2 protein chains.
Amino acid sequence: MQKQHNLSKNQKIIFDLIDKAGEPMKAYSILFNVQKKGIKAPLQVYRALDKLVEIGKIHKIESRNAFIACQNSNCQISKATAFSICENCEKVSEISSSKLSKYLSNFVDHSGMKFSKYNLEFFGLCKNCK
Amino acid sequence: MQKQHNLSKNQKIIFDLIDKAGEPMKAYSILFNVQKKGIKAPLQVYRALDKLVEIGKIHKIESRNAFIACQNSNCQISKATAFSICENCEKVSEISSSKLSKYLSNFVDHSGMKFSKYNLEFFGLCKNCK
DNA sequence: TTGTAAATGTTATATTATTACATACCGTTA
DNA sequence: TAACGGTATGTAATAATATAACATTTACAA
Ligand SMILES: [Zn+2]
Ligand SMILES: [Zn+2]
Ligand SMILES: [Zn+2]
Ligand SMILES: [Zn+2]
């Protein structure tokens, strides 16, 4: 049983928007979309995003500066993430391969560094674009 | 034999700076450091960075918005990159594990997507920090 | 030498993210 | 209940990162 996080008002508004979008959203596009709900400033958005990332409800797609809802009910904490990104249409999917995550979680650098977290972004063409 | 890229003046100035630094540098810190050499505008820096990334002389650390010289003489083209990042001291190393790169290059998503490129960032504590 | 691609120079602007400070809310426990 | 502490919110200002648009120059091959 995972810890239940009760989202605050702003967090819920912003999570619902991103979740419904089903694709990565940028912070200022989120801001534009929630202004009618009373969220007026960038910082309000970034604070909610930070928290949602921390608890694993959303992930940041670093190469795109965008945020997507977690598509994998197992990853409540955002410490092992993998995505496929279409370089043509920008479609992003979260990869949930237990083989991959096991392989990467157990990977030990030759320097002996043991990792507590990783983020992997694959690029290519999705099946609609190739 | 890899293609030889003759760097232009600005590209060389900026590559030399990053290479000598031996650690990730941010674009505006690069700009500050090369102003005495006549490079005055952000765009001049970003254009050189884009080119250097394209030909694999440097890589972008996406989670840090910073650029580091390639530490792996084999990767002349920047399409399969992996880094370890210390969350305490921000030390970054390029990982060159042929096992890892083979594993990831051959990874096929369950959607059937075949990838042409990837970037992997591991996080943890380096041996000085743990 | 002339055509073309790449690189440069310059100004302005767009986009992404944080600092600083004041106030409100919410659950715990004295 | 009242006081406390942690979390969340509101607001303004600004910092940091990145690109658009346009003019000009350089490199180099046909
Ligand atoms: Zn997830
Ligand atoms: Zn596509
Ligand atoms: Zn490299
Ligand atoms: Zn360290």
Side-chain angles (χ1 to χ4, degrees), chain A residues 3-18 21 23-68 77-78 87 90 92 119 121, chain B residues 3-18 21 23-68 77-78 87 90 92 119 121:
Chain A
K3 173 163 187 204
Q4 177 67 30
H5 288 282
N6 295 305
L7 300 184
S8 72
K9 175 170 143 283
N10 288 0
Q11 288 160 17
K12 183 159 181 4
I13 290 170
I14 287 172
F15 174 71
D16 287 346
L17 177 68
I18 299 173
E23 59 181 18
M25 293 194 73
K26 306 201 141 216
Y28 277 72
S29 151
I30 293 167
L31 175 57
F32 178 81
N33 277 276
V34 296
Q35 276 176 331
K36 47 182 169 291
K37 305 223 173 177
I39 296 176
K40 294 188 214 137
L43 188 50
Q44 294 175 290
V45 172
Y46 281 105
R47 283 196 287 223
L49 290 173
D50 284 351
K51 186 68 185 187
L52 291 167
V53 165
E54 186 192 326
I55 65 180
K57 301 282 287 181
I58 65 173
H59 305 301
K60 183 172 187 181
I61 308 300
E62 293 286 358
S63 66
R64 299 299 187 260
N65 297 316
F67 300 84
I68 194 169
I77 299 204
S78 188
E87 291 188 290
E90 295 293 325
V92 172
N119 179 54
E121 297 180 4
Chain B
K3 169 158 191 208
Q4 177 68 28
H5 287 280
N6 296 303
L7 301 184
S8 72
K9 175 170 143 286
N10 288 359
Q11 289 159 17
K12 185 161 180 2
I13 290 169
I14 287 172
F15 174 72
D16 287 346
L17 177 68
I18 299 172
E23 60 182 18
M25 292 193 74
K26 306 203 142 214
Y28 277 73
S29 153
I30 293 168
L31 175 58
F32 178 81
N33 277 276
V34 297
Q35 275 176 331
K36 47 185 170 292
K37 307 224 172 177
I39 295 175
K40 294 187 214 137
L43 190 49
Q44 294 174 288
V45 172
Y46 281 104
R47 284 197 284 224
L49 290 173
D50 285 350
K51 185 68 183 184
L52 292 167
V53 165
E54 184 192 328
I55 65 181
K57 300 282 286 180
I58 65 172
H59 304 300
K60 182 170 187 182
I61 308 299
E62 292 287 359
S63 66
R64 300 298 187 260
N65 296 318
F67 300 84
I68 193 168
I77 298 206
S78 185
E87 291 188 288
E90 294 294 324
V92 172
N119 179 55
E121 297 181 4

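Chain letters run A, B, ... following the sequence lines, proteins first and then strands; every chain starts at 1. All values derive from a computational prediction rather than experimental measurement. Heavy atoms only: backbone and side chains are in, while hydrogens, waters and symmetry mates are out.
- Listed by chain and residue number, Q11(A) satisfy the side-chain contact (heavy atoms from CB on, under 4.5 Å) test with S8(A) (two or more places apart in sequence, or in another chain).
- Comparing A27(A) and Y28(B) against DNA chain C, the residue whose closest nucleotide sits nearer the 5' end is Y28(B).
- Residue-to-nucleotide proximity on DNA chain D shows that, of R47(B) and R64(B), the 5′-proximal contact is made by R64(B).
- Counting heavy atoms from C-beta outward, L7(A) and I55(A) have side chains that approach closer than 4.5 Å.
- For the pair I58(A)/I14(A), no side-chain contact is recorded, criterion being any heavy-atom separation below 4.5 Å from C-beta on.
- Atoms CZ and CG, on F15(A) and L17(A) in that order, are 10.5 Å from each other to the nearest 0.5 Å.
- To the nearest 0.5 angstrom, I61(B) atom CD1 is 9.5 Å from F67(B) atom CZ.
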Would you give me the side-chain donor-acceptor pairs under 3.5 Å for residues 31-46 of chain A, sequence neighbours excluded?
{"from": "N33(A)", "atom 1": "ND2", "to": "S29(A)", "atom 2": "O", "distance (Å)": "2.7"}
{"from": "K36(A)", "atom 1": "NZ", "to": "N33(A)", "atom 2": "O", "distance (Å)": "3.2"}
{"from": "Q44(A)", "atom 1": "OE1", "to": "K40(A)", "atom 2": "N", "distance (Å)": "2.8"}
{"from": "Q44(A)", "atom 1": "OE1", "to": "A41(A)", "atom 2": "N", "distance (Å)": "2.9"}

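- Between atom CG of residue L49(A) and atom CE of residue M25(A) there is a gap of 10.0 Å, rounded to the nearest 0.5 Å.
- Residues satisfying the side chain to side chain donor-acceptor pair (under 3.5 Å) test with K12(B), not counting sequence neighbours, are D16(B).
- In this view, E87(A) and K117(B) satisfy the salt bridge (charged side-chain N to carboxylate O under 4.0 Å, His left out) rule, not counting sequence neighbours.
- For E23(A), there are no side chain to side chain donor-acceptor pair (under 3.5 Å) partners two or more places apart in sequence or in a different chain.
- Applying a 4.0 Å cut-off to non-hydrogen atoms, the residues of residues 8-16 of chain A that approach DNA chain D are S8(A), K9(A), N10(A), Q11(A), listed by residue number.
- Here the straight-line distance linking atom CD of E121(B) with atom CG of N119(A) works out to 6.5 Å at 0.5 Å rounding.
- Checked by atom type and distance alone, the side chain of K26(A) pairs as donor or acceptor with a backbone atom of R64(A) at under 3.5 Å.
- Rounding to the nearest 0.5 angstrom, the gap separating the NE2 atom in H59(A) from the CD1 atom in I68(A) is 8.5 Å.
- When DNA chain C is scanned 5' to 3' for any atom under 4.0 Å from a heavy atom of chain A, the first and last hits are dT16(C) to dA20(C).
- Between the side chains of S63(A) and E62(B), no donor-acceptor pair of N or O atoms lies under 3.5 Å.
- If you walk DNA chain D from 5' to 3' and mark each nucleotide with an atom closer than 4.0 Å to a heavy atom of chain B, the marks span dT17(D) to dA21(D).
- A heavy atom lying under 4.0 Å from DNA chain C marks the following residues of residues 31-43 of chain A, by number: L43(A).
- An end-to-end axis angle of 30° holds for the helix from dT1(C)-dA30(D) to dA30(C)-dT1(D), taken from five base pairs per end and rounded to 10°.
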